[in-house]
Amino acid sequence: MLRATFAAALMSYAAWAETCPINESLISKKTSGIQPHDKGEWTRKGWRVTTPNTQIKYDLGRFYSKGSVEMQVRGPLSQPLKHSLIALWNEEAAVDGNRKTQSFYQLRLQETGMMLRLTNRSDGRSFEGKTGALNFGDGWHTVRGTWDTKGGENHLWLDGKSIKSGRFNAEFPGFRWVFIGKDNYQKQFSVPGIEYRNLKVCVE
């Protein structure tokens, strides 16, 4: 009985782990997303931001309340202004507008560190968790985040280390649209020279 229960748990975990609507190396010059603005540059190493308007936009097809995102990035990661590396939205336009309906999740670059930004406008409050200075070198860094819009913890990891966590102020259905590079919110332009590779978004 115990063996059967354990096997069922493993099968359940495997099924969840393989539910990754976005799983792209970003070096094949192919993407399941669309590029409504500047397309950037495909290289043998990854996808490079070339202008402040470089962006890839993905549609997960439905709303998901729990999931994870992981990618590798390199380039000029220390920035004097805030820039979103990846953003998840409940609205396709992803622009600052109706503050009662918007919800979003951002993993940002900010000064010499990063920020986990969690916003659910229905309650009029946001979580903004800024890290201290981070040691960004010249190589690739693994950025990972998890989201939970049903009351659980949301996390930001850098190179395998948890560096910030927080919760949304209320429950809501979740996210459907994903943006890398430029985020449409408050002109958070992309940073020329930053490269992405091995992008994976998994959902529960």
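Heavy atoms only: backbone and side chains are in, while hydrogens, waters and symmetry mates are out.
Contact check on D138 versus R74 returns no salt bridge, with no Lys/Arg side-chain nitrogen under 4.0 Å from an Asp/Glu carboxylate oxygen.
Under the 4.5 Å side-chain criterion, counting only non-hydrogen atoms from C-beta, L158 is in contact with F136. I22 places a side-chain heavy atom less than 4.5 Å from the side chain of V178.
At least one donor-acceptor pair closer than 3.5 Å links the side chain of N90 to the backbone N or O of S103. Remark: the backbone N or O of T149 is not paired with any side-chain donor or acceptor of N154 at under 3.5 angstrom.
Taking the six-membered ring where the residue is Trp, H155 and W157 present tilted rings, their angle falling between 30° and 60°. Between Y105 and F168, the ring-plane angle classifies as tilted under the 30° and 60° cut-offs.
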*With side-chain contact (heavy atoms from CB on, under 4.5 Å) as the test, would you mind laying out the steps for E204 and T19 before giving the verdict?*
CA-CA 7 Å; E204 184 176 345; T19 307; over 6 Å; no
*Show the numbers, then the answer: is there a side-chain contact (heavy atoms from CB on, under 4.5 Å) between L85 and M71?*
CA-CA 10 Å; L85 282 176; M71 60 198 167; 3.8 Å; yes
_Trace of the side-chain contact (heavy atoms from CB on, under 4.5 Å) decision for H141 with L134_ = CA-CA 11 Å; H141 294 276; L134 298 171; over 6 Å; no
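At most 12 heavy atoms of other shown residues, nucleotides or ligands fall within 6.0 angstrom of atom NZ in K45.
The distance from atom NZ of K39 to atom OG1 of T54, rounded to the nearest 0.5 Å, is 10.5 Å.
Legend: residues meeting ring-ring contact (aromatic ring centres under 6.0 Å, His included) with F104, ordered by chain and number and at least two apart, are W89, Y185. Legend: residues meeting salt bridge (Lys or Arg N to Asp or Glu O under 4.0 Å) with K82, ordered by chain and number and at least two apart, are absent.
Considering K164, R108, Q110, K130 in turn, R108 is the only one that fulfils the side chain to side chain contact (heavy atoms under 4.5 Å, CB included) rule with R117.
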